[in-house]
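Data first, discussion second: the structure below is written as structure tokens.
Fair warning: this is a prediction, and the values are worked out from it, not measured in the lab. These numbers come from the heavy atoms of this one structure, side chains and all, not from hydrogens, waters or symmetry mates.
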Amino acid sequence: MAKVQIKINLALVKGFFSCRIQGRDSVKDCICIPKENLYQGKDGALYLDFVGYEDTQQKFGRLYSLKQSFSRAEYLALSEEEKKRIPFCGDIKRLEEQRPAPASAPSAAPAMPKTIDINAGDPDEDLPF
């Protein structure tokens with residue numbers, strides 16, 4: 001079974017910003033993408049939507065380059081200049097072409113909860129993550 005590796009530079013996603021959230025005992029650097037910049041599926045889940053463009057030269061083992069996808073209404077609302085500036089923000093490569101991860105590589109990050117309410121719960125607790 002062929003495997004692929006997908007890398008996405010979240011800083012290039014429309015609406016991305018970063019911020020620091022201060023808790024009582026700790027500070028977390030966070031990435032933020034406003035919900036209106038995400039696609040809500042029929043299942044209620046929120047998705048980042050991308051389109052892959054085949055890389056016929058397969059530079060650096062790249063099979064596809066990725067651009068963020070927009071709804072038809074959002075795309076039509078963009079000026080011609082804005083359409084030209086939609087950045088390639090990721091790629092898809094065959095996994096076999098990549099170097100194996102070091103044995104001491106950290107495990108995958110736990111799934112984030114759908115909603116984090118920093119004001120919910122015990123007021124004496126620190127950040128909810």
Side-chain angles (χ1 to χ4, degrees):
M1 172 170 49
K3 294 182 181 181
V4 295
Q5 177 184 51
I6 301 170
K7 290 187 178 182
I8 297 170
N9 181 348
L10 291 176
L12 296 176
V13 170
K14 182 179 179 190
F16 167 90
F17 65 97
S18 61
C19 64
R20 295 181 70 119
I21 296 178
Q22 173 71 53
R24 187 184 70 227
D25 298 325
S26 64
V27 175
K28 298 285 183 178
D29 288 322
C30 300
I31 63 166
C32 300
I33 300 170
K35 282 184 171 182
E36 63 263 14
N37 293 30
L38 304 175
Y39 167 75
Q40 186 165 7
K42 292 179 183 178
D43 59 358
L46 296 173
Y47 297 93
L48 281 170
D49 199 8
F50 293 91
V51 175
Y53 297 88
E54 187 174 8
D55 187 336
T56 56
Q57 297 177 352
Q58 296 191 4
K59 290 182 182 178
F60 309 108
R62 182 183 304 129
L63 300 173
Y64 293 90
S65 294
L66 301 174
K67 278 189 173 188
Q68 188 174 0
S69 180
F70 300 100
S71 71
R72 182 170 178 81
E74 290 173 316
Y75 187 76
L76 292 174
L78 297 174
S79 70
E80 289 303 315
E81 187 59 33
E82 289 172 319
K83 289 176 185 176
K84 291 177 187 174
R85 289 190 320 222
I86 298 172
F88 283 100
C89 52
D91 59 31
I92 300 174
K93 298 178 181 180
R94 281 191 184 87
L95 191 58
E96 293 81 17
E97 294 177 8
Q98 304 301 306
R99 287 187 226 143
S104 62
S107 61
M112 293 289 291
K114 287 185 179 179
T115 303
I116 298 174
D117 183 353
I118 61 173
N119 298 313
D122 184 349
D124 294 330
E125 289 183 9
D126 197 16
L127 294 173
F129 40 85

Any link between Ile33 and Leu12 through a network of hydrophobic side chains (Ile, Leu, Val, Met, Phe, Trp, Tyr) touching at under 4.5 Å?
-> no

Given side chains that start at C-beta, do those of Ile86 and Phe70 come closer than 4.5 Å, heavy atoms only?
-> yes

Phe50 and Cys89: which non-hydrogen atoms are nearest, and at how many Å?
-> CE2-SG, 3.3 Å

Would Leu46 end up clustered with Ile8 when hydrophobic side chains under 4.5 Å apart are linked, directly or stepwise?
-> yes

Heavy-atom closest pair (Lys7 atom, Leu66 atom, distance to 0.1 Å) is O-CD1, 4.5 Å

How far does CD1 of Ile31 sit from OG of Ser18, to the nearest 0.5 angstrom?
-> 9.0 Å

Find the distance between CZ (Phe17) and SG (Cys32) and round it off to the nearest 0.5 Å.
-> 4.0 Å

CZ of Phe88 to CD of Gln68: how many Å apart, nearest 0.5 Å?
-> 13.0 Å

So CG of Leu38 and CG of Leu48: to nearest 0.5 Å the spacing works out to 5.5 Å

Take the angle between the ring planes of Tyr47 and Tyr39 and call it parallel below 30°, perpendicular above 60°, tilted in between.
-> tilted

Identify the heavy atoms of Tyr75 and Lys83 that sit nearest to each other, and give their distance.
-> O-CE, 3.2 Å

Should Tyr53 and Leu63 be counted in the same cluster of Ile, Leu, Val, Met, Phe, Trp and Tyr side chains packed under 4.5 Å apart?
-> no

Atom CG in Asp29, atom CZ in Arg20: separation rounded to 0.5 Å?
-> 4.5 Å

Note: Glu36 and Glu74 closest approach over all heavy atoms is O-OE2, 4.0 Å

Gln58 CD to Lys93 NZ distance, which is reported to the nearest 0.5 Å = 11.5 Å

Is Leu10 linked to Ile6 within one hydrophobic cluster, defined over Ile, Leu, Val, Met, Phe, Trp and Tyr using a side-chain heavy-atom separation of less than 4.5 Å?
-> yes

Does a sphere of radius 6.0 Å around CD in Glu82 hold more than 12 heavy atoms from other residues, nucleotides or ligands, not counting ones at 6.0 Å or beyond?
-> yes

With distance as the sole test, does Asn37 use its side chain to make a donor-acceptor pair with the main-chain N or O of Lys14 at under 3.5 Å?
-> yes

